[in-house]
Amino acid sequence: MNSSAPAPAKANDFIRDIINSDLEAKRHQKVITRFPPEPNGFLHIGHAKSICLNFGLALDYREKLPNSGTRCHLRFDDTDPVKEDTLFEEGIQEDVRWLGFNWDGLYHASDYFEKMFEYAEHLISAGKAYVCSLTDAQIKEFRGNVTTPGKASPFRERSIEENLDLFRRMRNGEFKDGEHVLRAKIDMSNPNMKMRDPLLYRIRHTAHHMTGDKWCIYPMYDYAHPISDAIEGITHSICTLEFENNRELYDWVVDNLIDYAKFPSRPHQYEFARLNLNYTVMSKRRLLELVEGKHVDGWDDPRLPTIAGLRRRGYTPESIRNFCAGVGVAKANSTVDMAQLEFCIRDDLNHKAPRVMAVLKPLKLVIENFPDDEVQEQEASYWPHDVPKEGSRKVPFCKELYIEQDDFMLDPPKDFYRLGPGKEVRLRYSYCVTCTDVVKDADGNVIEIRCTYDPETLGANPVGRKVKGTIHWVSARHAVDAELRLYDRLLSEEAPPAGKDSEFLNAINKNALQVLKGCKLEPSLANAKASERFQFERQGYFIVDSKDSKPGALVFNRIVTLKDSYARAQQKK
RNA sequence: UCCGAGAUCGUCUAAAGGUAGGACACAACGCUUUGAACGUUGCGAUGUUGGUUCGAUUCCAGCUCUCGGAGCCA
């Protein structure tokens, strides 16, 4: 073993196992991967798993194989002009970059259309492909089904000359959509239906967002993908499980072209299980239905698991990368618990988001023994003791405050550590107060709390008694009003009802968005900038909405609540 | 039914013939001017039947169950 041999990568998933053994066996000297989205929609967190895998592989092995040419391409799989658009390409690039990855080369399958055409002619000349003039219904019928072998197309034995002529005339636009297709000549009785003379090209008189009107025939995925991989020198072509049956065709295409085309690599396809998450939907179709049916407010609606949605919701790229690393890569279908994602964002924001105070549902509190006009500035740290960061601000304190409605109960149980008649609590960063009276409206609702404060308790524990609870507050005279959008899980059920088209809409969580207006923020938040994140103490992590928030009319999105063991215990009762 | 793939704690995932480990979730306790965070402890799994072996989650065979496959989508 020569001493410059690469140290084997730390194997922590089956893909890396494969790559390590390829490297050891010297089948490759470098690793080239690609992320190949079709530009026909927006990326979601399932794509993030693939992005982290493919780009992560390049990053890992570049470290182990310096100067080897190890890299990861971004390639748009743009073979169906009917559905694809430049707009989607821009969104996808933004999302990949936001996630923190840079591609080594931006490619399009359409870059290779000319080569693909030439290779198709080669296949025809080799007797491996033919022009079929059956209708789509006939092709379907001739294909048979999973238990019944298909039958040969009557056009299967056309001469090479006629096939070449027809194929070139297809390209020249002499036929209408659907009149002919180019098919691989493989085996109509193959138990793998993908091998029953699969279509290679179809006629589509449709402009393409990259090639314009140059083409009116377009290659199919199963033909274009292996060729694109081979041309780019991809070594490990990683895709999801539903392509397992396509692998045999992938290999057929590469094997039948490799001697002729002199590809720089002989790529191999490997399949891993796509990400599923409970309490949400991940399929393109369902996402599209939510957006087009106006069940949500666009592709970046913070309830959606799209990258754009998660970004607007306030998720950080790090949290998503950590999540992807945490769920791992394997071949078994699985559904990850949403709690895992929520853990990742809390874990990241815990040391990134400064603490501030905000009252979501205000209840007036008046301190009877505090001077009417006095305003004290209380020093409040932005960070808790266990976050090693410095910084604080002054929070104004006066006779009239707002506290959270949920922090007061008229007749509290004994494990309620907050405020009630006669009870004492700590006001965060400030004094302890004791409730002496309540004011009710005509309907008997509590509209104001009267308290006295203990001047000895600023920065000191009260003597002779233990005060267990601490609540947040905001000075009523200094509060800044804001709109808070409380987001929760998209679905109220773990898994949407399977099957039936739109049935999943019934599982939508009606409380996935709750809009609160007139929330009271501490004044330091008045100048919060778009996309700034905070922890509102005892409530959750929030971000200034990037679209709707304006100075003087602040809008915050709740990213995730804090864990609340008290609320959880109450629920169980 | 045919072909392909898979099956390990509630969930996700390691171990690749040699003590079934980690993370999330959950529970208890500790700490606490956030009922947060953090810390400690606990709970908890190799689908099934055989075979090979000193030893099997791992290798072999059968069975069971799950997922994918019959677009001129990807």
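Residue numbers start from 1 in every chain, and the chains themselves are labelled A, B, ... in the order their sequence lines are given, proteins ahead of strands.
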Next item on the list: Anything under 30° is parallel, anything over 60° is perpendicular, the rest tilted; go ahead and classify A:Phe542 against A:Phe536.
Entry: parallel
Next item on the list: Nearest whole angstrom, please: distance from the P of B:rG30 to the CG of A:Asp386.
Entry: 19 Å
Margin query: Taking the P atom in each of B:rG6 and B:rG47, what is the distance between them to the nearest angstrom?
Written below: 14 Å
Atom pairs, N/O to N/O, protein against nucleotides 8-11 of chain B, distance under 3.5 Å?
residue, atom, partner, partner atom, Å
B:rU11, O3', A:Thr335, O, 3.2
B:rU11, O2', A:Thr335, O, 3.1

May I have the list of side-chain donor-acceptor pairs in residues 323-345 of chain A shorter than 3.5 Å, sequence neighbours left out?
residue, atom, partner, partner atom, Å
A:Asp337, OD1, A:Ala339, N, 2.9
A:Glu342, OE1, A:Arg489, NH2, 2.9
A:Glu342, OE2, A:Arg489, NE, 3.2

Check: Does any donor-acceptor pair link the side chain of A:Arg418 with the base of B:rG35 at a separation under 3.5 Å?
Finding: yes
Next item on the list: List for me each residue that meets salt bridge (Lys or Arg N to Asp or Glu O under 4.0 Å) alongside A:Asp85, sequence neighbours excluded, and say none if there are none.
Entry: none
Note to self: For A:Glu494, give me all partners under salt bridge (Lys or Arg N to Asp or Glu O under 4.0 Å), at least two apart in sequence or on another chain.
What the structure shows: none
Notebook entry, point to check: Residues two or more places apart in sequence or in another chain: which of them pass ring-ring contact (aromatic ring centres under 6.0 Å, His included) with A:Tyr541?
Noted result: none
Which is true for [X] with a 4.0 Å heavy-atom rule: it touches a base, it touches only sugar-phosphate, or it touches nothing?
X        : result
A:Phe416 : base
A:Gln535 : base
A:Phe243 : base

Next item on the list: Say whether A:Arg158 and A:Ser133, considering side chains only, have a donor N or O and an acceptor N or O under 3.5 Å apart.
Entry: yes
Item checked: Pairing string, 5' to 3', for RNA chain B - Watson-Crick or wobble contacts under 3.5 Å, brackets [ ] where pairs cross, | to another strand -> .((((((..((((....[..)))).(((((.......)))))....(((((..]....))))))))))).....
Check: Taking all non-hydrogen atoms of both residues, which atom of A:Tyr431 and which atom of A:Pro455 are closest, and how far apart?
Finding: CE2-O, 3.6 Å
